[in-house]
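Letters A, B, ... are given to chains in the order of the sequence lines, protein chains preceding strands, and every chain is numbered from 1. Because only heavy atoms are used, hydrogens play no part in the values below, and waters and symmetry mates are left out as well, while side chains stay in. In this text the structure is predicted, and so the values were computed from the model without any measurement.
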Amino acid sequence: MPGSDAVPYRFDRTAEAAELQERHSELEVGASSGEHVAVAGRVMLVRPQGRLAFATLRDSSGQIQLFALQAQTADFDAFARLSLGDWVGARGPVVRTRKGELSVQVETWELLARARRSFGDKWRGVTDVETRLRQREVDLWANDATRRVLLLRSRLVRTLRHQLEDRGFIEVETPVLHPIPGGATAKPFVTHHHALDTDLYLRVAPELYLKRLVVGGFEKVFEIGRVFRNEGLSPRHNPEFTMLELYQAYADYHDLLVLVEQLVAMLAIDVCGTTSLTYQGRPLDVAPPWRRASMAELIAEATGQPADVHTPPDVLRVRVAAAGIDPDPSWGPGKLLLELYEKTAEPALWGPVFVTDFPTEVSPLARRHRDDPELAERFEGIVAGRELVNAFSELVDPDDQRARFEAQAAAKAAGDEEAMAVDEGYLRALQYGLPPTGGLGLGIDRLVMLFADVANIREVIAFPTLRPERPPT
RNA sequence: GCGCCUCUAGCUCAACGGCAGAGCAACGGACUCUUAAUCCGCAGGUUUCGGGUUCGAAUCCCGAGGGGCGCACCA
């Protein structure tokens, strides 16, 4: 009924729980501080006891107890009947009870919102994964770990942003709706713009637009944003995820190696207090310098037999087949080498390690290696056994870029849904001149997983992708 | 997309072919220092849904739906 649940429009809070706990940590048992405060938050527990009552109040800073006496608290009976989950504001002096709990002794209070649904078992909380993920508001209320992970994520992104700004990078925003999906080999989501009557694609990467900004004269740019890939879900993959992309003019991939290891180590210290981490029970130290090893080197190490992009394709094909993969006839030596690496060397990598010098054939946006045109100046950073970062010296030659696009387009025509298309707008931009530039993409979600020591990507995303719910109850 | 597992009260879980239950939450009551307060009482169900087997199904079988894990694709 309208009015029956009438609650105020605002509440003048004067103090937060954590601040009071700190300020009155020395307050003696049974004493009153004399400080009158107004606190607000959610009722976590209620312990009515005849003519007095206790409640545990949580706000975003922490918890504090509310202590009510029938003789001194307005609407005492209603206070003692508060439900778990109700939001209240309370005013009164800060005291420490006879049993030693710092409390606000409630003189007046207001119901700010009633919890009309129960939030679950007060001791065991909510553990059902579906409830936790679909109703994250309940999960956050019930589970401290969820709150901590999302706060860690917030802090990490904030620090990353400040670090980049301190290094002279500017943050920019580029389109999410792309007429031509590009910047990564991935299957895009398609949507439709009615007024323009044209299909648009949700971006799989901001890369091409960011490099166009470098062409335009922004020498150090970054974007932290959502990208979308129309692929399966797994503990390490969500269809929308957050990526840092960064471009630095006059730098090559060697410069980026150093930047990445410095940034990751600095972030580890900021959010974990150390570079010496443990991920899922396994130690990992992200202090620089990280190991550098070429793809060819790692294959030789893992298999005992050397292989590189100049190994005869027939030999590579046999070795790929021996590794348990059926090679497609269209694969060139570069693709064969990549498959061999991914099957034999990559699974054993824990890191942190930079895998360098990928074949040009599988790196359509990367510049050719200064010592070998069949290789690209590209690296992936493997941390905790996963690809965390992908970077390269950017391809600046518009003619070579056109040839690479055309090779991609041919693969797309042959049925590769993840291959790129020719992007004439980007080629035109390159013709205006892209200076030597280093660029990188780094998965923010995976970095948060690493620092929070969680195994599933959904734990670091407030509202991960799930199959739509049918009849909501 | 494929395989395996799973779904019981608002939450956490029992019952595993023979009367659907407990704790917490909710609701009513007692209690002047509690900390998952305690105690008494009351209520709570189409056992995810639809078929089938059976004298009898939450339980066994088939199908659908949701979820989990693994594989594949990718970061």
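- Taking atom CG of residue D77(A) and atom C1' of nucleotide rU32(B), one finds them 14 Å apart after rounding to whole Å.
- Counting only heavy atoms from C-beta on, S234(A) has its side chain closest to rA72(B) among rC71(B), rU35(B), rA72(B).
- Residue-level contact check: S103(A) touches neither bases nor backbone, having no heavy atom under 4.0 Å from any strand.
- Heavy atoms of L45(A) sit under 4.0 angstrom from primed sugar atoms or phosphate atoms, though from no base atom.
- Using a 4.0 Å heavy-atom criterion, one finds that G232(A) contacts the bases of the nucleic acid, with or without backbone contacts as well.
- Counting non-hydrogen atoms under 4.0 angstrom, L52(A) reaches a base of the nucleic acid.
- For rG18(B) and rC5(B), the C1' atoms lie 28 Å apart once the distance is rounded to whole Å.
- Rounded to whole Å, atom C1' of rU35(B) lies 6 Å from atom CD of E101(A).
- When the nearest nucleotides of RNA chain B are assigned to V126(A) and A55(A) by heavy-atom distance, the more 5′-ward of the two goes with V126(A).
- F354(A) does not carry R292(A) over the face of its six-membered ring by the limits of under 6.0 Å from the centre and within 45° of the normal.
- Contact annotation: the side chain of L160(A) approaches that of I444(A) to within less than 4.5 Å [non-hydrogen atoms, C-beta and beyond].
- Minimum heavy-atom separation, I64(A) to S103(A): CG1-CA, 4.3 Å.
- For the C1' atoms, the distance linking rC42(B) with rG29(B) amounts to 10 Å, nearest Å.
- In this structure, D445(A) atom CG and rA75(B) atom P are separated by 14 Å, rounded to whole Å.
- Residues F241(A) and L69(A) both approach RNA chain B. Their nearest nucleotides, taken by heavy-atom distance, put L69(A) toward the 5′ side.
- Residues T303(A) and R319(A) have side chains that bring a donor and an acceptor to within less than 3.5 angstrom of each other.
- A distance of 4.0 Å separates CG in N238(A) from CD1 in I461(A), rounded to the nearest 0.5 Å.
- Remark: Q49(A) is not in phosphate contact with rA37(B), judged by side-chain N or O atoms under 4.0 Å from OP1 or OP2.
- In this structure, the CH2 atom of W141(A) is 9 Å from the C1' atom of rA25(B), given to the nearest Å.
- Checking the phosphate oxygens (OP1, OP2) of rG66(B), no side-chain nitrogen or oxygen of R134(A) falls inside 4.0 Å.
- Distances shorter than 4.0 Å separate some side-chain N or O of K122(A) from OP1 or OP2 on rA25(B).
- Residue-nucleotide stacking is not present for F54(A) and rA37(B), judged by a side-chain ring centre under 5.5 Å from the six-membered base ring centre and planes under 30° apart.
- N390(A) comes within 4.0 angstrom of nothing in the nucleic acid, heavy atoms only.
- Using a 4.0 Å heavy-atom distance criterion, R386(A) is classed as making no nucleic acid contact.
- Rounded to an integer number of Å, the gap from CZ of F189(A) to C1' of rC73(B) is 13 Å.
- One can place CG of L84(A) at 15 Å from P of rC11(B), the figure rounded to the nearest angstrom.
- Contact annotation: T56(A) does not reach the phosphate of rU35(B) (side-chain N/O to OP1 or OP2, under 4.0 Å).
- Distance noted for atom C1' between rA14(B) and rG52(B): 28 Å (whole Å).
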(message) Both atom distances under 3.5 Å, Watson-Crick or G-U wobble: I'd like the secondary structure of RNA chain B as a dot-bracket string, with | for pairs made across strands.
(response) (((((((..((((....[..))))..((((.......))))......(((((..]....))))))))))))....
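- Set against rU32(B), rG67(B), rA36(B), the side chain of R51(A) has rU32(B) as its closest nucleotide.
- In this entry the distance linking CD of Q65(A) with C1' of rA36(B) reads 14 Å, nearest Å.
- Rounded to whole Å, the P atom of rG66(B) lies 24 Å from the corresponding atom of rA72(B).
- Atom CG of D139(A) and atom C1' of rG10(B) are 16 Å apart (whole Å).
- Using a 4.0 Å cut-off between charged side-chain N and carboxylate O, R155(A) and D270(A) make a salt bridge.
- A ring-ring contact (aromatic ring centres under 6.0 Å, His included) with H178(A) is found for exactly one of Y209(A), Y201(A), F189(A), namely Y209(A).
- T127(A) comes within 4.0 angstrom of sugar-phosphate atoms only, judged by non-hydrogen atoms across all strands, and of no base.
- Within 4.0 Å (heavy atoms only), L233(A) reaches at least one base atom of the nucleic acid.
- Partner L57(A) forms a side chain to side chain contact (heavy atoms under 4.5 Å, CB included) with one of L45(A), V106(A), V88(A) and no other, that one being V88(A).
- Nucleotides rG17(B) and rA57(B), compared at atom P, are 14 Å apart to the nearest Å.
- The 12-atom threshold is not exceeded at CZ of R367(A), counting heavy atoms of other residues, nucleotides or ligands nearer than 6.0 Å.
- Using a 4.0 Å heavy-atom criterion, one finds that E418(A) contacts the sugar-phosphate atoms exclusively.
- A cation-pi contact links R282(A) to W350(A), judged by a cut-off of 6.0 Å to the six-membered ring centre and 45° from its axis.
- Nucleotides rG1(B) and rG51(B), compared at atom P, are 26 Å apart to the nearest Å.
- Side-chain proximity of D121(A) to the nucleotides rG67(B), rU12(B), rA26(B) is greatest for rU12(B).
- Among the heavy atoms of the strands lying under 4.0 Å from P48(A) is at least one base atom, whether or not backbone atoms are also near.
- The C1' atoms of rA15(B) and rC19(B) are separated by 12 Å, rounded to the nearest whole Å.
- Here N230(A) does not reach the OP1 or OP2 of rC73(B): none of its side-chain N or O atoms lies under 4.0 Å away.
- Separation of the C1' atoms belonging to rG45(B) and rC13(B) is 15 Å when rounded to the nearest angstrom.
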